[in-house]
Number of protein chains: 2
Amino acid sequence: MKKFSNKTIARAFLYIRILDDRIQNKQKYISSQELSDISGLTDVQIRKDISLFGKVGKPRVGYDTKELRGFLEAFVLKSTVRAVLFGVGNLGQAILKYPGFQTEKIKIVAAFDKDSRKVGKKINGVAIYAMKDVSRVIHRSRAQIAIIATPSEASQEIAGIITKSGLKGIINFAPSSLVVPKGVSVRNIDLSIEFLSLFYDIHSSRKRRKS
Amino acid sequence: MKKFSNKTIARAFLYIRILDDRIQNKQKYISSQELSDISGLTDVQIRKDISLFGKVGKPRVGYDTKELRGFLEAFVLKSTVRAVLFGVGNLGQAILKYPGFQTEKIKIVAAFDKDSRKVGKKINGVAIYAMKDVSRVIHRSRAQIAIIATPSEASQEIAGIITKSGLKGIINFAPSSLVVPKGVSVRNIDLSIEFLSLFYDIHSSRKRRKS
DNA sequence: AACCAATCGTTACAATCTTCACGATTAAAT
DNA sequence: ATTTAATCGTGAAGATTGTAACGATTGGTT
């Protein structure tokens with residue numbers, strides 16, 4: 001399979017979202033310039049990204065919104081992503097209700113929590129299970145990635161459970177670094193670091209750039 | 001002021017957090033190798049990052065944990081960050097209770113919500129105000145950055161209110177791109193994109209790297 | 001005192017990512 | 001039919017980021 005960089009892929013998803021919005025508004029074509037205005041990226045970068053996947057734009061016109069949407073999707077969005085969630089506190093519940101997942105091909109198929117009062121309930125249609133059922137539920141639901149939204153103290157232990165169950169991808173919201181076996185991908189989403197680096201950005205540089 | 005790259009700064013915050021943990025455990029020294037094992041970054045990168053700030057390591061011993069902590073902090077963490085939050089739904093409440101903020105120098109000083117039933121309440125010690133009071137509360141609280149945790153539809157309008165109030169930094173959790181004046185920094189935290197790109201990562205490349 | 005091993009700091013190198021410059025293409029106007 | 005203007009696609013240059021190699025320093029060992 002041809003390999004595209006992480007950054008290109010992340011931008012491709014952004015383009016797809018913008019395209020979905022324009023398709024809904026019955027817009028037939030969109031130029032790299034317009035995509036640039038919306039996304040904050042440069043028009044050249046957008047053309048370059050898209051051209052990595054293939055030639056699909058029409059000179060003088062731009063890109064056919066539906067065609068480009070389908071084109072990008074074929075490369076990056078082959079199937080629905082099924083995820084399981086660990087930790088149904090505020091953050092976990094926020095994730096279960098996250099609006100971006102409704103339209104995207106992301107489905108949270110099960111949740112787990114230590115609190116026995118939560119077990120057996122459903123939130124936004126997703127059932128909450130006890131920790132002892134993790135392995136069984138993961139296999140039965142054919143989950144592909146896991147989300148850790150527990151307190152930091154529990155995150156490493158849960159990462160172990162997750163990898164033992166065979167999952168190869170983890171999104172970690174706990175402010176901790178996880179040790180995982182080779183072959184497992186981790187994305188750390190660290191709110192503190194986002195805050196602090198934004199703050200640093202504001203204070204250090206007066207001539208601003210887009211993030 | 002000397003300028004460091006965003007990536008270096010983000011890693012510096014990560015080092016600080018690791019150091020805090022080790023300082024709590026009374027560990028006196030730490031090597032770049034140990035930092036590497038914990039963080040997943042290479043030891044060379046760590047030494048290089050740290051050396052950008054200055055010479056502070058001791059050959060054959062490593063870095064004095066407290067000294068390095070203080071050293072990094074002096075460069076990147078000059079003062080407490082005061083933030084206001086827009087939208088007190090699940091995500092907003094998760095942010096208000098986010099454990100990473102307790103120890104870090106991040107303080108959420110006020111929250112806003114359209115829902116009049118929420119206005120006047122407090123969550124985790126943070127008062128919730130009505131939207132009409134935004135400007136007044138921002139100025140009185142001397143907030144520096146804003147967090148958008150509202151539905152997407154509202155995010156652009158709120159970004160306008162925020163920038164009119166003079167804030168220069170926005171963290172946007174809504175799956176939308178914001179148009180802001182020059183001089184305002186935006187960090188988009190887009191959960192869909194994180195999920196999808198992790199999923200792509202798992203499927204495309206079999207020879208894995210750390211993220 | 002001399003040696004050894006661990007560790008930092010740094011220069012040079014490599015890889016990745018972005019921007020630039022410009023030719024190619026095509027719809028519309030005349 | 002010709003011209004024009006908008007837009008794409010892309011090879012080359014430039015910028016940024018990460019890696020490797022290795023000398024310099026120092027605590028411990030003999």
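So you know, we letter chains A, B, ... as the sequences are listed, proteins then strands, and number each from 1.
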Requested in this report: Look at the aromatic rings of A:F4 and A:F53 and report parallel, tilted or perpendicular, splitting at 30° and 60°.
Outcome: tilted
Query raised in the report: Under 4.0 Å between a side-chain N/O of A:K58 and OP1 or OP2 of D:dG9, yes or no?
Result: no
Query raised in the report: When you check the phosphate oxygens OP1 and OP2 of D:dC8, does a side-chain N or O of A:S32 lie under 4.0 Å from one of them?
Result: yes
Report task. Would you check if there is a donor-acceptor pair between the side chains of B:D20 and B:Q24 at a distance under 3.5 Å? Result -> no
Query raised in the report: Pick the nucleotide of DNA chain D nearest each of B:T42 and A:S51; which residue has the one closer to the 5' end?
Result: A:S51
Query - Closest nucleotide among D:dT17, D:dC8, D:dA5 to the A:P59 side chain - result: D:dC8
Requested in this report: Would you mind classifying the nucleic acid contact of B:T8 as base, sugar-phosphate or nothing, using non-hydrogen atoms under 4.0 angstrom?
Outcome: nothing
**Report entry** Close side-chain approach of B:T65 to B:R69, heavy-atom, < 4.5 Å
**Finding:** no
Requested in this report: Could you check A:R11 against B:S31 and say which one's nearest nucleotide on DNA chain C is further toward the 5' end?
Outcome: B:S31
Query raised in the report: Rounded to the nearest 0.5 Å, how far apart are OG1 of B:T163 and NZ of B:K168?
Result: 8.0 Å
Query raised in the report: Rounded to the nearest 0.5 Å, how far apart are CD1 of A:I106 and CD1 of A:I95?
Result: 11.5 Å
Query raised in the report: Does a nitrogen or oxygen in the side chain of B:R47 sit under 4.0 Å from OP1 or OP2 of D:dC22?
Result: no
Requested in this report: Go through the steps to decide whether A:R47 and A:S32 satisfy the test side chain to side chain donor-acceptor pair (under 3.5 Å), and finish with yes or no.
Outcome: CA-CA 6 Å; A:R47 288 202 301 280; A:S32 58; 3.1 Å; yes
**Report entry** Rounded to 10 degrees, the angle between the two terminal axes of the helix from C:dA1-D:dT30 to C:dT30-D:dA1, each from five pairs
**Finding:** 0°
Query - Outermost nucleotides of DNA chain C that come under 4.0 Å of a non-hydrogen atom of chain A - result: C:dC17 to C:dA27
Query raised in the report: Yes or no on side chain to side chain donor-acceptor pair (under 3.5 Å) for A:Q45 and A:D49, after CA distance, side-chain angles and deciding distance?
Result: CA-CA 6 Å; A:Q45 179 143 62; A:D49 281 340; 4.9 Å; no
Report task. Indicate yes or no: at least one non-hydrogen side-chain atom of A:F195 is less than 4.5 angstrom from one of B:R187. Result -> no
